[in-house]
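Reminder, nothing fancy here: chain letters follow the sequence lines and each chain counts from 1.
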Number of protein chains: 2
Amino acid sequence: MRKRILISDIAKSLGISVTTVSFILNGKAKEKRISEGLTKRVLDYVKKVGYKPNQLAQSLRTGQSKILGLIVEDISNPFFSNVAKDIEKIAYDNGYHIIYCSMDNDATKAKELIQLFYDRQVDGYIITPPEGLEDTLSNLNKNNVPLVLFDRYIPTLETHYVVLDNFKGAFEATSHLLANPQNKKVGYVSLYSNQTQMRDRLEGYMKAIDDHQQQAYIKKIKIDEEEGEAIEQLHAFMHDNRLDAVLFATNYLAIDGLKAVKQYGMNLPHMVAFDDHTLFKLHEPAISVVTQDTSAIANELIHTLLNEIKGKNKELQKIVIPCELQVRGSSVISQETLEQTS
Amino acid sequence: MRKRILISDIAKSLGISVTTVSFILNGKAKEKRISEGLTKRVLDYVKKVGYKPNQLAQSLRTGQSKILGLIVEDISNPFFSNVAKDIEKIAYDNGYHIIYCSMDNDATKAKELIQLFYDRQVDGYIITPPEGLEDTLSNLNKNNVPLVLFDRYIPTLETHYVVLDNFKGAFEATSHLLANPQNKKVGYVSLYSNQTQMRDRLEGYMKAIDDHQQQAYIKKIKIDEEEGEAIEQLHAFMHDNRLDAVLFATNYLAIDGLKAVKQYGMNLPHMVAFDDHTLFKLHEPAISVVTQDTSAIANELIHTLLNEIKGKNKELQKIVIPCELQVRGSSVISQETLEQTS
DNA sequence: CTGAAAGCGCTAACAT
DNA sequence: ATGTTAGCGCTTTCAG
């Protein structure tokens, strides 16, 4: 932590001008036809004394902060924190830093965060948009702020985005449950939400149900529903309808479902959840899931954003990542066994 | 996202000088004896046009970035992410922002991150130090960089820190297990680590064991041990010693232990884990834990750091947060019942 | 090839 | 009480 050394110190020590040093440091040595000897001498000296440019001054001057803003629904959800981790790593490797925040599906908070990031002059945004953010995002878009949406998108907005193949995921999960002749009544638990990922998952479920000519049982929970209330509603839903199997639209809904089963001493219905969680692997029986390849998502997100910043995106990137159904005990063990276990 | 408006624009529009505006904006109105009328007029105008100072320029000028660096062991561990969330909130309320990173208990990575934060001129650090970081931290300390350690501390270093009462937590948990006459053999699973929190927990375990004049069974796992290997070792430890009960030093060790039990179809021993986890509440039986009050920790951390930044800490803050034993099924259900269940 | 100098937007010492 | 102005450290135009 030696005291900070300035570009002018370097110039002085080497008996040359700051301009020259700056050019060399910014890789414009040959463009400016600075001799290789000098270039090397400067670079060596810089390394020797461990000079690091003052990023603040650099940013103020160039208008580039080299900071990317990541706004996710909830950083403590393992799905989002895993994506964040990967994004962070790739960003670092490209000389960028990430500032991340949770917006808890609250449009007001999201707007504040975007404003905050804007004030901090972040160079680009990755956002999982809550409902009600259309105008703000549209504004960013109009101002040519680099922006990539993720997990869900705004249909009316022409932005880059990276999402899951939610329809297919829900369709396959539901079909899988229906394939078991034991399962007559297959329900679906989702959120009161018009977000695209929720709509697509619902459609996937409906398609599978329709293909099998079964009745649909759909329960929606309020996004900010209190836990106890949600558990109660889920219990009522599963119990009153005597459901054989349930597909849960998110990992935390599934967790609430498990809590309901436990609290009310119910038999565990066959089930599949969206997005994996440590808990699901250890649960007895283990919970089947539709998983997302988080590192693939992170990769697409960050590269799309960086390309946008560099102006290299020829066209709008609408990226759909395939997802995978991982069948575990919760959707295959026979109903009798289940009844004994729970 | 209207185009950025400058302090000079305000001065011009109002027909006054930038100094006056700057003084008013920085709350020095009365100190500089600026008339209340003008003050109000400026403030109102600022609000009306939505002026926000350019933080970059502000930082460059004042040398204060209003950014705090938070380096934790692993942001995807719910314990750390919960603390981070609370810290973030309090920091925001005080006009600070948080940049957080995981260092995965890797001293090299931690050093890089500290350097990175230093280059970014963060105003202060909150760090869970891995082993081997003594010198770097000592350097920060010598340079009067505001710094608070957390979760563990470096005994040879005179820094502020906020830690748990680990000794007491481990002692009580072990005593609780030993209080059950069924439990003759109570083991302890920890890490190869000399970090203070690990040492204190071990001592707490030993004290309880000694008080009961029992034999100690201690298994340490390598910090970066591969999961499969760790599970195997835990199985061997519990099985070969025919342990009645086990105390786990961290939540992820306990999770590995549960995986071992499941994989090898063992009977679940009585158990207690450090640091709660969603999984523990839903597990059958629910897992007893020694919990930390994350929001109390976050509070102490951020306030100590902010006071340090403002030079308000008269003396070294060595804060020890009490912890609480939450008894759940895993440490009370009779051994017979457990054998049936698992 | 290299140097002088003008700013990026803001704060605060100095002047009035 | 309020205005003038010199930087914070860097990049980059313009002149050599």
For this session: Please find the earliest and latest nucleotides of DNA chain D, in the 5' to 3' direction, that have an atom within less than 4.0 Å of any heavy atom of chain A.
Result: D/dG9 to D/dT13
Problem set entry | Nucleic acid contacts - residues 33-41 of chain B versus DNA chain D, non-hydrogen atoms under 4.0 Å | B/Arg33, B/Ile34, B/Ser35, B/Leu38
Problem set entry | Option passing side chain to side chain contact (heavy atoms under 4.5 Å, CB included) with A/Ile302 (candidates A/Val148, A/Val162, A/Val83, A/Ile87) | A/Ile87
For this session: Pick base, sugar-phosphate or nothing for A/Lys28, based on heavy-atom distances below 4.0 Å to the nucleic acid.
Result: sugar-phosphate
For this session: Answer with yes or no after comparing the ring centroid distance for A/Tyr100 and B/Tyr100 against a 6.0 Å cut-off, counting only values under it.
Result: yes
Seminar exercise, completed: Heavy-atom contacts, protein to nucleotides 4-9 of chain C, under 4.0 Å, summarised as B (base), S (sugar-phosphate only) or - (none) per nt, yield BBBBBB
Exercise. Got a sec, which residues hit ring pair (Phe, Tyr, Trp, His ring centres under 6.0 Å) with A/Tyr153, two or more places apart in sequence or on another chain?
Worked result: A/Tyr161
Exercise. Roughly how many Å is it from NZ in B/Lys52 to P in C/dC10, rounded to a whole number?
Worked result: 13 Å
Seminar exercise, completed: Taken in chain and number order and not counting sequence neighbours, the residues that satisfy salt bridge (Lys or Arg N to Asp or Glu O under 4.0 Å) with B/Glu31 are none
Exercise. Ring pair (Phe, Tyr, Trp, His ring centres under 6.0 Å) with B/Phe117: which residues, sequence neighbours excluded?
Worked result: none
Problem set entry | Any residue meeting side chain to side chain donor-acceptor pair (under 3.5 Å) with B/Asp104, in chain and number order, not counting sequence neighbours | B/Lys109
Solution key, residues 91-99 of chain B side-chain donor-acceptor pairs under 3.5 Å, sequence neighbours excluded:
| unit_1 | atom_1 | unit_2 | atom_2 | d |
| --- | --- | --- | --- | --- |
| B/Asp93 | OD2 | B/Lys89 | NZ | 2.9 |
| B/Asn94 | ND2 | B/Ile90 | O | 2.9 |

For this session: Whole angstrom is fine here: how far is it from CD in B/Glu31 over to C1' in C/dA13?
Result: 13 Å
For this session: Would you indicate, yes or no, if C/dT11 has its OP1 or OP2 atom less than 4.0 angstrom from a side-chain nitrogen or oxygen of B/Ser22?
Result: yes
Exercise. Can you tell which of B/Asn26, B/Thr19, B/Thr20 makes a side-chain hydrogen bond (donor to acceptor under 3.5 Å, both in side chains) with B/Ser22?
Worked result: B/Asn26
Problem set entry | B/Ile75 backbone acceptor or donor facing B/Ser102 side chain under 3.5 Å | yes
Exercise. What's the spacing between A/Leu316 CG and A/Glu308 CD if we round to 0.5 Å?
Worked result: 8.5 Å
For this session: For residues 56-70 of chain A, pull every pair meeting side-chain hydrogen bond (donor to acceptor under 3.5 Å, both in side chains), keeping only residues two or more places apart or in separate chains.
Result: A/Ser65-A/Asp123
Exercise. Salt bridge (Lys or Arg N to Asp or Glu O under 4.0 Å) with B/Lys12: which residues, sequence neighbours excluded?
Worked result: none
Problem set entry | Residues which pass salt bridge (Lys or Arg N to Asp or Glu O under 4.0 Å) with B/Glu73, listed by chain and number, not counting sequence neighbours | B/Arg152
For this session: Estimate the overall bend of the helix from C/dC1-D/dG16 to C/dT16-D/dA1 from the end axes over five pairs each, rounded to 10 degrees.
Result: 50°
